Every structure is written in structure tokens, then in C-alpha cells.
Amino acid sequence: MINITFPDGHAREYEAGVTGFDIAQSISPRLAKEVLSVTVNGNLWDIARPITEDASIMLHKWETEEGKHAFWHSSAHLLAEALQELYPGVKFGIGPAIENGFYYDVDLGEGRQITDADFETIEQKMLELASQKNEYKRSEVSKKQAIDYFGGINEEYKVELINELEDGTISFYKQGSFTDLCRGPHLPNTEFIKAAKVLSVAGAYWRGDEKRKQLTRVYGITFPKQTLLDEYLVLLEEAKKRDHRKIGKELELFTFSQNVGSGLPLWLPKGAMLREKLENFLKKVQKKYGYEQVITPHIGSKSLYVTSGHYEKYGKDSFQPILTPQKGEEFLLKPMNCPHHCEIYKSKPHSYKDLPVRYAEFGTVYRYEQSGELHGLTRVRGFTQDDAHLFCRPDQLKEEFKKVIDIVLYIFKTLKFEDFTAQISLRDPNNHEKYIGSDENWEKAEQAIIEATQEKGMNCVVETGEAAFYGPKLDFMVKDAIGRKWQLGTIQVDYNLPERFDLEYMGSDNQKHRPVMIHRAPFGSMERFVAVLIEHTAGKFPLWLSPDHAVILPISDKFNEYAKTVCSFLNNSDIRTFVDDRNEKIGKKIRDNELKRIPYLLIVGEKEAESGTVSVRKQGEGDRGAMTQDDFARFIESEIEEELKEN
RNA sequence: GCCGAUGUAGCUCAGUGGUAGAGCACUUCCUUGGUAAGGAAGGGGUCAUGGGUUCAACUCCCAUCAUUGGCUCCA
């Protein structure tokens, strides 16, 4: 007999060789039907794998990440089996589960490809194979056996993978006619998979290396129930509807022109209004925290970036230097604001008493992003950072860092990004040549970030190897209204630029000292942030950000005059309003303006004109009854005040 | 940058080897209508660009550009 300990701490005896499935069965038959994988002493196992010694276990159903992982990983094998049948001779790379589904990288061989039209056939084949209820059979093999097997069937990618594995840790999984190198865990059999969808195909370099062969990556998703697939497809539709590129066009927020250039957004009046409101909002917060606005030019001498190290690192992949009529003068479109801000810091001597100094700028920068990377407003070649550089004494670093965290959290709260995560990015300890600066400074900087986040009580994910080349950072990822993750704000510690720019301050000891720099951008960039905000709100912005607060809809053109007097009254009260005086029926005007996501529709007809009122209709909610013009103005003002109130 | 897809009116999209169509939007007229689409008429397109094949190309082929799904990258 062996002892099995459950997550809640209680233990029970089972016969040695009991499986996760058996244990689930002993708890309830229903659980046994739903359990997909099991953690045994910290390792993820198949529920069909015998447990031979004392263990603590945790059972995973579909609802858990581990459960989905096993499900989708098994589905990847099923996809592979389907592809093997449909495309004989196909060679397999890797096929992992991912956040939403799974993929398999395959080499179809010369001249063959998979297109959208083939998706349905593949789905059908997967479901056909799934219904055969084939077991996922695990076997442990020696390295030699593994290489012999895959070598024998010309699976060179698998052989390459096996060569890097240690003998004694290699396992195969076989279902139906398909055998794969795999650690597992997997479902007991294929019948769990009831619904399958091939989502897309894309090229992907073997092992992520652009010098190696490009394989075909087939993305798919599967579910234990058809209804779950249906729901997922609805979610995808919803995401499409929220796409900031689509909404940006519909609401006339921004556009692109081939004549201007790829990745260079043009902000239309309504988009510019929204952006300006965001900028003013942040300026106000920053002022409170002691920031000073500065303004710097869009170009800078190349030597500035040689000094900063950016030229060496990114120069050749960037917009190339602008040449002046005089020979030998080269200027770069600025890819970063920090060198300019360093020069501002250097423009006068600083005392330890003056620190920290905080220079903020909505600085527009230009980076030559690879053409395949451009995407709407989230990845562009010209964008405006809500940048600031804080110069402080080493002993002030942690406190200063915490204050920046406060700003970021306040912004997220105000804009209702309630679900976010923070990631601390440290350098790769095995790859120091990727970074500049001394080990000592790196350690100090990393320590300051870790302590600041701990003292703020934040839950952070730590990623090694993700730091910027000049310092560690803290990045904020938000989840939008339909659960997608976006990276927004960033706070970075930098000991290197102060060194490179020879920045100093006079200490209390009358000696020169080196300040520490913090780079920070709570929004990240205005472009990206607005894009995320659009997708988060589906274009229904909070009132204070809405390009229009209200539209006045006269019942007929007899009331256009009255509508105009209301409009100018409200405009004078700083309420952004216009009159829809088209010769249309009221129902039509309501529909059109609802679709334009105007927060309030003010209907005016005979009643309203006589009593000096407006009939208020809130977007998405309907009729709110009549109000005097004055009351409406105050109502809007108080709603905005409420949205922006602190704490 | 790499692999795949796409590019037709302001927008969303049909379409064919014989030089183009719908809905919405726009203009004009009729209608003056009370909470999500009133009616009629009209204007609008070098079918992304440049080559090639063909008697004939928006359609087939090639290249370029742009957009797009991924990969790689992201100061």
C-alpha cells in the first residue's frame, strides 16, 4: 500500500500502482470522467500512469491550466496524426500546447502547402481519428532506441531533438498510427476530444532560428464539448469587433496613408482629442509627483547616440542618419528621448539637495520596425512615448521607484484596467556580453526593483534574460475586457547612461557623485495605449475621454434652431456637443449615433423647446427622461469628476 | 527581414478572359416624422502599382508596394 496526499493535506492509502484515474474514481465517478491530468510530486503525469510510491497529488480538470494543457497537447498529437494521414511523408518538428490551443510545426516537403481551404478536411480527419478512441500509450525508451526509431523513418527534426536529451529521460507516446517523442502528460484516449478547429497556418523557423528552415506551423484548438468551441468562436468574433484598427476607422480616430509611409499613423481630430485628454491627465498626475515637462527636438546628432550606446546596438537596423549640406554632419531621427534628457540634466550643476529631478516629455520617437512587425497602432515606426527620466541619488532609488509604481497603478485604476500583472525582467546570468555596465550596478538595480515591488505588495513574475541591454525593468501587462494580455507601462533602472553621459551631482561630502536614472512610461506609447484602450472599451470610452460627450438630435428641422442654442450653451460649459441636423427621422438619428458610441443623445422636439429642456438618452441604456440644459451640463461635469476622482 | 493570404466606390464586400456591381455613406428632391434603419432620383472606381501573355486582362503570369496571420526582432 502507498500513501497518497491530497492538496488539502489529508492522505489516504491506495494499492501501489494505482493511477490518477483510479484515485479520481475513488472520490467520485463524475470526477473520474472529468479529470485530465495529475500532478504527482510536482510532476505532471498522465492519469493512466501507475503511481508506485507515496506521493502528493493534485488532479486537474478542463477548468485548470494543467488540464487544458494535457488536453491541447494531446490534441497536437491528434493533429499530427491527421496530417500524417492527409500528407504522407510529412516530417514533424514540435507540437506544444499554447495559451489558447496548440500548434504543430511540420515540414510538408517541397511544393506542398496547407491553405485555409484545407482546414475543414483536417478538422474532419482529426474528429474521425478522435472517435476511434485510441489510447495515448506511454513508453520509456533509451536514447539509442529513440534515435533508431526516428532515424529509421527519416524524422530528422525529432532526431535532432533527441540528441539533446539525456538518456533515461526519454519517453514516447503513441496513439493510433502516430508515435511522438514527448514528455507528456496526455489524455487517456482520443475520445475526450469532441470539437476541433484549425485556426491558421503560418511559417515558423525551425527552433526559432531565422537561419534555419522555415516549417509550416498549423494552429488549432480543441474542446471536450462542441458548445465550448462555439463559445470560443463567439469570443474570436467579439475580438474582431473590438479590433482597434476597425474601430479606429469607424470612429475616425486615426488612419494611415501610403503616401506618408508605412507604420506612420495620422491622428484624426477625434483621435487627437482623445489622446490630448490622456496626455493632460497624465501631465496633471505627474505635476503632483514633482515632474517637470521638457521639450526636445525630433532629431539629434549621431554622436549623441554613439555616446548612449544605442547607435552601436541598433544603428544599422534603424532609420539611417540624415546628412546636412555640410559634409560629415549626421543626425538621427531620435529613437529614444533619454540622451536628450541627459543633456538637459547636464545643462547645469546639481546638488544632492536638488535630487531627484524628474524630466517628463511626450516625446515622439522613430524606430525602423521590420515590415512584418507593423500592426495597427500597436507596432508603428513613429510613436510618442509618455516618457520621463528621473535622476536620483542611489539611496533614493527604491523610494523613487515605488512612486512610479503608484502612478502606474493609479492610471490603471482610473482607466479600469483592473486585471494586470507585473513582470520583473532581469539579465541572463549566463550571457553577460548581451548587456552593458558593471556587475555591481546590475545587482544593485535588480535588488532595488525586487524590493520596491515587494514593499508595494505586488505579485510579480520574474523573467531572467528579458532585461533591456542597459538595465533591469518592471513591465506591466494588462488584461482587457475579453481577457487578452497587453504589455503597457514600463519602469527601467539604468546605471549606464549616467556613466556614459558623465552625469554627476555634488554630494554633502563636497565630492562629485553619479546619479541613478529611471526611465519610465506608464502608458508605454500613446499609440499602443490608445489601441489597447479601444480594444478594452470596444470604443465606448469613459466620458472624460470621449471625443464627443453628447449629440443633439432635433425631432424635425423645425427644432434645429433650438438644438443650436442648446449646443452653444453646452459648448460654452466645456461639453463637447454637436447637432445632428440631417433630414432624417429620430429613430435613424438615434441608431446612427448609438453606433458612433456617442455617450449621450439629447433629443429635442416641441416639448423640450417649450420647457428649455433636453431628453437624455444614454448610449447603450436608453431613455433617461428630461433635464434642463443647465442640469445636464452639471450632470456631465459631475460624471467626469467621478471618473477622475482619486483614491 | 522570412513564409502564407489579401488588395474592386469613402466604408463593408460580390463579380467575370470581351473595358464593373450591391448595401451603407454622400448630393438633390419628397417627407416634418418622439427613442436603433421613411421614400425616390443622382454623383462617384486607371478594379493597389509596373511589366508580361493574349485579338482582348479587373480576371492569367511575374515584379513592386501596402495590408494581414504567424516567425524572428522590439532601445
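The chains referred to below are lettered A, B, ... by the order of the sequence lines, with proteins before strands, and numbering in each begins at 1. All values derive from a computational prediction rather than experimental measurement. Just so you know, these numbers use all the heavy atoms, side chains as well, and skip hydrogens, waters and symmetry mates.
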Measure the distance from [atom1] on [X] to [atom2] on [N] and round it to the nearest whole Å.
X	N	atom1	atom2	result
A:L236	B:rG69	CG	P	13 Å
A:K313	B:rC73	NZ	C1'	12 Å
A:E527	B:rC74	CD	C1'	15 Å
A:R528	B:rA75	CZ	P	12 Å
A:R212	B:rC71	CZ	P	18 Å
A:L333	B:rA75	CG	P	19 Å
A:R427	B:rA75	CZ	C1'	18 Å
A:H375	B:rA66	NE2	C1'	15 Å

Nearest to the side chain of A:Q214 - B:rC71, B:rA66, B:rC2?
B:rC2

Can you sort out the partners of [X] under side chain to side chain contact (heavy atoms under 4.5 Å, CB included), two or more places apart, ordered by chain and number?
X	answer
A:A448	A:L397
A:K596	A:F578, A:N593, A:I598
A:K213	A:D107, A:E110, A:Y157, A:L215
A:R245	A:D243, A:H375

Pairwise [atom1] distance for [N] and [M], with rounding to whole Å:
N	M	atom1	result
B:rU31	B:rG18	C1'	45 Å
B:rG4	B:rG43	C1'	40 Å
B:rG52	B:rG17	P	23 Å
B:rG34	B:rU16	C1'	48 Å
B:rC11	B:rC62	P	28 Å
B:rG69	B:rA14	C1'	24 Å
B:rG38	B:rU67	P	38 Å
B:rA22	B:rC29	P	24 Å

With sequence neighbours left out, the residues meeting salt bridge (charged side-chain N to carboxylate O under 4.0 Å, His left out) with A:K249 are none

Can you name the residues that form a salt bridge (charged side-chain N to carboxylate O under 4.0 Å, His left out) with A:E594, not counting sequence neighbours?
A:R617

Donor-acceptor pair (no angle test) under 3.5 Å: A:R379 side chain, B:rC73 base
yes

Should the side chain of A:Y205 and the base of B:rG70 be counted as holding a donor-acceptor pair, with the cut-off at 3.5 Å?
no

Got a sec? Which of residues 241-261 of chain A come in under 4.0 Å of RNA chain B, heavy atoms?
A:R245, A:K249, A:Q258

Walking RNA chain B from its 5' end, the first of A:S318 and A:V201 to be reached, judged by nearest nucleotide, is A:V201

With nearest nucleotides of RNA chain B determined for A:Y368 and A:R207 from heavy-atom distances, which residue corresponds to the more 5′ nucleotide?
A:Y368

Give the ring-plane orientation class for A:H73 versus A:H69, where under 30° counts as parallel, over 60° as perpendicular and anything between as tilted.
perpendicular

Any chance you could list the contact pattern along nucleotides 31-38 of chain B? Use B for base contacts, S for sugar-phosphate-only contacts and - for none, protein heavy atoms under 4.0 Å, 5' to 3'.
BBBBBBBB

Note, RNA chain B 5' to 3' with Watson-Crick or G-U pairs under 3.5 Å encoded as ( ), [ ], | and . gives (((((((..((((....[..)))).(((((.......))))).....(((((..]....))))))))))))....

Under 4.0 Å, counting only non-hydrogen atoms across every strand here, what does A:S200 touch: a base, just sugar-phosphate, or nothing?
sugar-phosphate

Under 4.0 Å between any heavy atoms, over every strand shown, what does A:L199 touch: base, sugar-phosphate, or nothing? Just pick one.
nothing

Suppose we call two aromatic rings close when their centres sit under 6.0 Å apart. Are A:Y305 and A:Y311 close by that rule?
no

Centroid separation A:Y470 to A:Y435 less than 6.0 Å:
no

For A:Y495, what residues pass the ring pair (Phe, Tyr, Trp, His ring centres under 6.0 Å) criterion, not counting sequence neighbours?
none

The ring pair (Phe, Tyr, Trp, His ring centres under 6.0 Å) partners of A:Y103 (sequence neighbours excluded) come to A:Y219

Phosphate OP1/OP2 of B:rA75: any A:Y314 side-chain N/O under 4.0 Å:
yes

Using only side-chain N and O atoms of A:Y219, determine if any of them is under 4.0 Å from OP1 or OP2 of B:rC71.
yes

Return the minimal non-hydrogen interatomic distance between A:W442 and A:A468, and the atom names on each side.
CH2-O, 3.4 Å

Name all pairs fulfilling the ring-ring contact (aromatic ring centres under 6.0 Å, His included) condition that reach into residues 602-625 of chain A, sequence neighbours left out, sorted by first residue then second.
none

Reference residue A:H341; test side chain to side chain donor-acceptor pair (under 3.5 Å); the match among A:R358, A:H519, A:K346, A:H389
A:H389

